[in-house]
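Residue numbers start from 1 in every chain, and the chains themselves are labelled A, B, ... in the order their sequence lines are given, proteins ahead of strands.
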Amino acid sequence: MKYNHKKVEQKWQKIWEEKGVFHASEDTSKEKFYALIEFPYPSGQGLHVGHPRPYTALDTVARKRRLQGYNVLYPIGWDAFGLPTENYAIKNHIHPEIVTNKNIERFKKQIQSLGISFDWSREINTTDPNYYKWTQWIFIQLFKHGLAYKKEMNVNWCTSCKCVLANEEVVNGVCERCGSEVVHKVKSQWMLKITEYADRLINDLDLVEYPDRVKAQQKNWIGRSTGAEVDFTTTTGDVLTIYTTRADTLYGATYMVIAPEHPLIDKWADRLTNMDEIRKYQASAARKSDFERTEVAKEKTGVMLKGVRAVNPVNNKEIPIFISDYVLVSYGTGAIMAVPAHDTRDWEFAKKFDLPIIEVVKGGNVQEEAFTDCASGIMVNSGMLDGLTVDDAKKKIIDWLTAEGKGHAKVNYKLRDWVFSRQRYWGEPIPIVHCEKCGYVPIDESELPLKLPKVESYEPTDNGESPLAKMTDWIETVCPHCGGKAIRETDTMPQWAGSSWYYLRYMDPHNNKELASKDALKYWSPVDWYNGGMEHTTLHLLYSRFWHKFLYDIGIVPTPEPYAKRTSHGMILGENGEKMSKSRGNVVNPDEIVEEYGADTMRLYEMFIGDFEKAAPWSQASIKGCRRFVERFWNLQSVLIDGDKIRPELESQFNKAIKKVGEDIENIKFNTAIATLMALINDISNVKSINKEELRVFSILLNPFAPHVTEEIYEICGLGSGIIAEQSWPEYDESKCVDDSVEIVVQVNGKIKAKLNIPVYAQKDYVLELAKADENVKKAVGNMTVIKEIFVPKKLINIVVKP
RNA sequence: GCCGGUGUGUCGGAAUUGGCAGACGAGACAGACUCAAAAUCUGUUAUCCGCAAGGGUGUGUGGGUUCGAGUCCCACCACCGGCACCA
């Protein structure tokens with residue numbers, strides 16, 4: 001009996017679509033379950049087999065939850081603004097909107113052929129004005145609350161995209177997307193004050209269930225550190241404020257370092273006797289790209305400021321001031337006190353410039369190397385701090401500085417505000433105008449959406465302006481505030497804008513009065529389970545948590561966190577173990593797999609391939625095992641017998657399988673859930689028949705993974721009115737999960753000597769007696785003395801002997 | 001340097017609280033069916049010694065705890081991911 005997957009899969013996909021069986025219902029009396037995958041960017045390449053892994057995984061969960069009676073929302077949409085589409089449009093002289101729609105059509109067809117139970121009635125598209133109206137609306141709210149501001153600043157500029165990048169988009173000094181060189185440019189940019197939420201973004205990680213590696217990475221990125229700001233006076237009378245986490249080592253500060261860009265340098269220009277040298281150093285530091293600046297094992301460089309010295313507030317000693325590019329202007333105050341005895345960088349610098357190294361914490365040999373691992377040490381050479389522990393010294397010195405008005409405790413973050421402007425066409429227009437008189441003014445909310453105008457050329461410009469800047473009739477407008485002449489903002493929003501709130505729109509996607517109704521938000525929030533890639537941990541995931549918290553603060557959303565639970569899938573690699581890519585020529589197209597083996601086989605293999613959270617190489621040969629499994633299941637109909645109860649000979653196997661499959665799906669252990677079902681079909685083969693009840697239960701357990709073939713079997717074998725129609729996930733009986741008899745291992749000194757088949761309830765004495773009667777055991781024990789007998793019920797017995 | 005993770009047959013990968021290492025699948029080998037091949041079905045498949053019964057060795061390396069360690073502890077090695085002159 002050959003299984004015709006094409007016929008069966010098309011049949012059921014049509015039925016599901018016509019009946020709308022996967023549409024989330026409005027019945028709010030039912031318990032809800034909101035499953036979410038990161039909506040795809042519809043690229044021109046179409047899907048490869050890596051894309052469906054997360055879709056299939058959450059589809060399995062969603063389908064199981066539906067069978068358990070939940071009202072499930074499992075939506076999909078398109079994150080369609082972005083550069084690849086725009087670049088393609090430029091190259092081929094087609095409007096990006098047309099390219100986008102074409103790509104979406106292709107993606108949609110591919111995804112639908114896999115039988116994923118998405119609710120297509122809620123499909124959204126970030127480039128649809130009815131959608132980005134609300135992206136713009138949120139931006140206006142951010143602006144009104146002072147969280148969006150425009151600032152002249154040093155930004156990352158991608159030389160190939162001709163566009164600024166957020167810090168999060170720069171990886172190892174190159175553009176995250178295209179790998180081109182990133183240089184610095186001073187530009188006036190829209191910024192979002194994500195730093196205002198830094199603490200809450202860390203603390204509220206306690207409210208959510210994310211993998212530890214995700215939490216750790218976000219915390220790392222935000223980079224909170226506690227320390228103190230200390231004011232050093234200088235011989236000019238100006239105060240030089242530094243930031244340190246080691247205020248306890250203040251007596252060991254033998255010099256200061258300020259960033260080459262530090263503003264005090266210009267102020268001191270008249271008094272500095274080596275200004276030429278300083279200017280030269282500043283210029284060379286400015287020329288360096290991020291890539292050069294982060295090169296490892298770099299030798300320390302710097303220039304001493306001649307003519308100005310600083311005064312250490314604890315002992316009034318004068319110390320020299322240097323400029324060096326190892327101090328960053330963007331972190332802390334852009335200035336440090338250098339304690340060479342207890343900081344590796346300061347130590348290297350001090351050695352190079354022959355500066356004094358004063359030990360202030362006992363325990364190391366500070367002339368040989370910096371003693372940094374000194375948290376448990378005792379203070380020396382430190383006046384009032386002598387004899388204290390490092391921790392106590394920190395407290396005491398900060399109290400003293402505070403009392404003297406020379407410093408105070410301070411928390412710093414590595415996180416920077418989010419650079420939010422892009423000088424490109426294919427993005428949401430920023431709904432702000434600039435008026436000579438009133439400054440930056442948001443357009444009236446009644447005028448949203450502010451649509452992207454049709455332009456002749458989307459070509460990015462070399463002068464760093466958006467293509468929109470050439471549209472004079474669009475740019476020139478009136479100020480909503482004073483009615484005078486005003487100019488529109490021509491930069492657009494970054495790709496991350498639309499994806500920062502899309503999960504909210506799914507809750508009520510057709511609402512044209514609000515981004516979503518209060519009722520919908522209240523019922524569906526938060527997302528119960530969100531799966532996505534690790535690469536978005538410090539980008540999309542962090543950004544959307546920030547937007548959500550803001551929306552929570554202004555009373556729009558009912559929960560402080562958007563996603564209750566986050567999981568992350570591993571990549572599917574090419575057959576050669578490398579990342580799948582066109583240039584490596586190892587891309588596998590899911591269409592071919594679906595054509596040859598069917599969607600059910602494809603889905604099973606995607607889930608069976610390995611640990612869901614880890615990367616796994618694709619194997620064209622291994623898919624066959626899943627196809628064979630589907631066929632073995634299909635052929636069960638040929639050994640079908642009557643019966644409305646699971647037979648005793650299969651009872652424990654079935655109960656165990658119901659338990660295991662259910663638990664494994666919830667614990668993202670899809671591979672072992674499928675292995676369990678494969679083992680169960682082996683057990684059924686040994687019995688040589690299956691009755692109707694057994695087949696019914698088996699079909700339901702397999703349904704979340706292989707939804708087409710299971711519905712077909714259910715129908716043609718007359719097992720009921722339909723798996724999705726009936727919505728009944730089987731229950732298991734814990735007492736029936738155990739076998740009557742169990743194999744017990746008999747060890748002598750930890751080595752296996754025999755195996756006994758005994759009743760589960762057997763007691764130690766009985767089992768021991770049986771074990772000792774075994775020939776092999778007798779031989780191993782010989783005439784040695786038994787010193788210990790260990791009995792683990794249902795597992796083993798270990799006889800410990802000594803000569 | 002800091003943070004997180006991984007290391008198990010030929011390959012993908014399994015192993016609740018420490019308790020039969022290698023489930024399940026692939027591949028390979030042998031057999032059945034076939035004129036033949038494919039498909040399917042059955043069996044074998046960590047490794048070494050042995051005709052066999054049986055025994056030795058095995059989860060990156062070296063130690064340790066324990067009756068018993070893939071799992072716990074200590075010290076390493078290799079690889080992957082993130083951050084990185086963050087004071």
Taking the same atom, C1', in B/A69 and in B/A15, what whole-Å distance lies between them? 13 Å
Side chain of A/Arg632 - closest among B/C85, B/C41, B/G12: B/C41
5' precedence on RNA chain B between A/Phe612 and A/Cys626 (nearest-nucleotide basis): A/Phe612
Output the rounded distance in Å from CZ (A/Arg628) to C1' (B/A26). 8 Å
Pair of N/O donor and acceptor under 3.5 Å linking B/C83 base with A/Lys414 side chain: no
Distance check, C1' atoms only: B/G56 and B/U42, in whole angstrom units. 32 Å
How many Å lie between CD1 on A/Ile787 and P on B/U66, as a whole number? 13 Å
Output for pair (A/Phe698 CZ, A/Leu680 CG), nearest 0.5 Å, gives 5.0 Å
Interatomic distance at C1', B/C33 relative to B/C80, whole Å: 49 Å
When the distance from CZ of A/Arg224 to P of B/C83 is rounded to whole Å, what number comes out? 22 Å
Centroid-to-centroid, A/Phe629 to A/Phe608, below 6.0 Å? no
Could you check whether A/Arg566 pairs with A/Glu38 (Lys NZ or Arg NE/NH1/NH2 to Asp/Glu carboxylate O, under 4.0 Å)? yes
Do the side chain of A/Asn220 and the base of B/C83 come within less than 3.5 angstrom through a donor-acceptor pair of N or O atoms? no
Strictly by Watson-Crick or wobble contacts shorter than 3.5 Å, is anything paired with B/G4, and which nucleotide is it? B/C80
For A/Leu796, answer base if it contacts any base atom (sugar-phosphate contacts may also be present), sugar-phosphate if it contacts only those atoms, and nothing otherwise; contact means non-hydrogen atoms under 4.0 Å. base
Are any of the side-chain nitrogens in A/Lys669 or A/Glu663 under 4.0 Å away from the carboxylate oxygens of its partner? no
Anti or syn, where syn is a glycosidic angle within 90° of 0; which label fits B/G9? syn
What is the nucleic acid contact for A/Asp611, judged by heavy atoms within less than 4.0 Å: base, sugar-phosphate only, or nothing? sugar-phosphate
